[in-house]
There are 2 protein chains.
Amino acid sequence: MNTRLPAGERREQILDVAVQVFARNGYHGTSMNDVADAAGVTKPVLYQHFDSKQDLYLALIDEVGQRMITAISKATAGATSGKMMTELGFQAYFRWVAQDHDAFLLLFATQANRDAAATKAIRTITSEAASAIAPLIAVEIDHEKQRTIAHGLVGLAEGVSRRLVERGEDFDPDELGRLVANLAWAGLRAIGPTS
Amino acid sequence: MNTRLPAGERREQILDVAVQVFARNGYHGTSMNDVADAAGVTKPVLYQHFDSKQDLYLALIDEVGQRMITAISKATAGATSGKMMTELGFQAYFRWVAQDHDAFLLLFATQANRDAAATKAIRTITSEAASAIAPLIAVEIDHEKQRTIAHGLVGLAEGVSRRLVERGEDFDPDELGRLVANLAWAGLRAIGPTS
DNA sequence: GTCGCCTGTTACCCTTGGGTAACCGTTATG
DNA sequence: CATAACGGTTACCCAAGGGTAACAGGCGAC
């Protein structure tokens with residue numbers, strides 16, 4: 001039997017546990033009872049901390065997304081060149097994936113979204129990531145196209161990670177980051193003003 | 001009121017209509033009644049053609065996925081170089097996206113999957129696409145890494161498309177294909193045997 | 001000590017929605 | 001015309017699951 005917890009800690013614990021459960025079974029595959037069981041409490045306790053299932057889920061996405069963005073921002077803060085920034089950024093991203101498979105799955109594989117609000121929340125995050133990438137792209141290219149390409153690079157990292165996470169493989173995020181950054185950087189240099 | 005249709009045609013019509021409905025609202029956001037309404041019939045008619053909701057959904061994924069793979073295969077069949085193949089492939093892909101937003105959304109955005117079977121079905125498709133790409137990658141790189149990169153390129157195309165489709169923009173798939181192919185090709189040439 | 005707050009629980013409600021049984025009208029065939 | 005085959009409908013069953021009302025018990029404040 002679980003000891004009682006003060007509200008704040010209980011809330012944190014629920015969030016921790018919920019990431020795992022949602023990541024493994026998706027939004028619709030996870031019932032509030034599942035989350036409650038995993039947390040070692042009963043359903044009404046969840047509703048003391050979150051208004052609804054969706055509210056809980058959005059809180060998760062937000063927290064996890066912020067962790068990712070923060071990790072990448074910090075890593076790239078000291079970069080002194082575009083290429084360096086690219087490399088540090090990808091490395092930080094893959095490090096985040098390697099450390100927290102569940103978080104990655106929650107954001108990018110558990111596409112049990114399609115709940116309008118959740119979809120929007122995730123789009124906001126990828127969009128933020130794309131915004132960071134866009135400035136690295138040759139300035140001669142028109143702005144819209146820059147952003148499109150930037151979203152493509154987000155997808156690139158996502159595709160790579162999805163495969164690795166699904167296979168449950170261990171991988172070296174720094175090496176992988178260098179590899180992907182090389183690809184991306186060379187690619188970006190190659191696309192000029194005219195298609 | 002809808003006229004009666006012979007079984008074969010009704011089945012086709014249901015599939016056509018279901019792609020749209022599922023693409024717009026996701027798996028869990030779509031009830032069998034929704035599909036039936038959209039098709040102008042009642043629920044039991046659906047069950048004359050498909051065993052279950054999941055069965056219908058998997059049939060959709062399969063059909064749509066095959067259309068995509070076929071389009072790309074045909075387009076790249078006549079390529080005489082890796083670079084040409086890359087370009088033709090991406091162009092065919094983006095043409096497919098441009099022509100059939102719903103199909104794209106069904107496969108890649110309606111992540112209302114996480115139903116184990118559906119997830120697997122989609123993974124099969126992306127995997128097939130990756131298999132086609134892998135051989136283009138420098139042979140000196142180890143095989144597993146090749147496949148990982150290939151999945152990354154699938155994600156690249158996916159990320160680009162998702163943004164465009166979500167924004168509801170018209171775009172020129174051939175021009176976009178050239179742009180992305182340039183990026184990818186240059187990137188692939190840049191990654192050598194050593195990270 | 002006792003009062004009230006705070007963390008929990010039990011037991012329930014009620015909608016949504018997948019799936020089905022039973023029935024009906026139309027059309028083709030002899 | 002009888003009748004069988006077929007496409008379709010109405011009306012229902014039932015489980016899953018989000019959400020809640022009402023109650024229980026410990027711990028700090030006074």
Side-chain angles (χ1 to χ4, degrees), chain A residues 1-61 110 112-118 121, chain B residues 1-61 110 112-118 121:
Chain A
M1 171 189 167
N2 241 327
T3 47
R4 294 176 139 215
L5 289 181
E9 289 179 33
R10 180 63 77 192
R11 190 191 148 94
E12 287 309 307
Q13 185 229 2
I14 290 172
L15 284 172
D16 278 354
V17 150
V19 174
Q20 300 171 28
V21 183
F22 277 118
R24 200 189 295 273
N25 301 107
Y27 184 73
H28 292 284
T30 303
S31 73
M32 288 300 260
N33 267 322
D34 293 339
V35 176
D37 284 354
V41 294
T42 54
K43 219 175 8 168
V45 174
L46 303 185
Y47 287 93
Q48 286 168 9
H49 299 278
F50 304 95
D51 287 347
S52 64
K53 185 183 183 182
Q54 169 167 299
D55 184 46
L56 166 58
Y57 195 68
L58 292 179
L60 279 182
I61 290 177
T110 299
N113 319 330
R114 259 304 132 174
D115 173 83
Chain B
M1 170 189 166
N2 242 326
T3 47
R4 294 172 138 216
L5 288 182
E9 290 179 34
R10 178 63 77 193
R11 190 191 149 96
E12 286 310 306
Q13 185 229 3
I14 290 172
L15 284 171
D16 278 355
V17 150
V19 174
Q20 301 171 29
V21 182
F22 277 118
R24 200 190 294 273
N25 302 105
Y27 183 74
H28 292 284
T30 303
S31 72
M32 286 302 258
N33 267 322
D34 293 340
V35 176
D37 284 356
V41 294
T42 55
K43 215 174 11 165
V45 173
L46 303 185
Y47 286 94
Q48 285 168 9
H49 298 278
F50 304 94
D51 287 348
S52 64
K53 185 183 183 182
Q54 169 167 298
D55 184 45
L56 166 59
Y57 195 68
L58 292 179
L60 278 181
I61 290 177
T110 300
N113 319 329
R114 259 305 135 176
D115 173 81

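We use all heavy atoms of the structure for the numbers below, so side chains are in, but hydrogens, waters and symmetry mates are not. Below, chains carry the letters A, B, ... as their sequence lines are ordered, and counting in each starts from 1. The structure presented is a predicted model; accordingly, all values stated were derived computationally and were not measured.
Rounded to an integer number of Å, the gap from NZ of Lys43(B) to P of dT9(D) is 13 Å. One interatomic measurement links the two molecules: CE of Met32(B) to C1' of dT20(C), which rounds to 12 Å at whole-angstrom precision. Distance Tyr57(B) OH to dG17(C) P: 16 Å, rounded to the nearest Å. We find that CZ of Phe50(B) is positioned 16 Å from C1' of dG18(C), with the value rounded to whole Å. Here dG17(C) presents its C1' atom at 13 Å from CG of Asp37(B), a figure rounded to the nearest Å. Arg4(A) has its CZ atom 8 Å from the P atom of dT7(C), to the nearest Å. Summarising the geometry, the separation between CZ on Arg10(B) and P on dA5(D) is reported as 22 Å, rounded to the nearest angstrom. Here the P atom of nucleotide dG17(C) and the CG atom of Leu56(B) are 16 Å apart, to the nearest Å.
For Lys53(A) against dG19(D), a side-chain-to-base donor-acceptor contact under 3.5 Å is absent. In terms of polar N and O atoms assigned as donor or acceptor, the side chain of Gln48(A) comes within less than 3.5 Å of the base of dG8(C) in a complementary pairing.
Atom CG of Asp16(B) and atom CD of Glu9(B) lie 11.5 Å apart (nearest 0.5 Å). Note that CG of Leu60(A) and CD of Gln20(A) are 11.0 Å apart. Values are rounded to the nearest 0.5 Å.
Taking 4.5 Å as the limit, every side-chain heavy atom of Asp34(B) sits out of range of all side-chain heavy atoms of Asn25(B). Phe22(B) has its side chain within reach of Leu56(B): a pair of non-hydrogen atoms, C-beta onward, lies under 4.5 Å apart.
For the pair Lys53(B) and Tyr27(B), the cation sits on the ring face: its NZ or CZ lies under 6.0 Å from the ring centre, inside 45° of the axis.
For Gly8(B) and Asn33(A), each mapped to the nucleotide of DNA chain D holding its nearest heavy atom, the one lying further toward the 5' end belongs to Gly8(B).
Comparing atom distances between the Val45(B) side chain and each of dT9(C), dG8(D), dG18(C) picks out dG8(D) as nearest. Listed nucleotides dG7(D), dT9(C), dG19(C) differ in distance to Pro44(A); the shortest reach to its side chain belongs to dT9(C). The side chain of Tyr47(A) sits closest to dG19(D) out of dT7(C), dG18(C), dG19(D).
As judged by a 4.0 angstrom heavy-atom cut-off over every strand, Thr42(A) is placed among the base-contacting residues.
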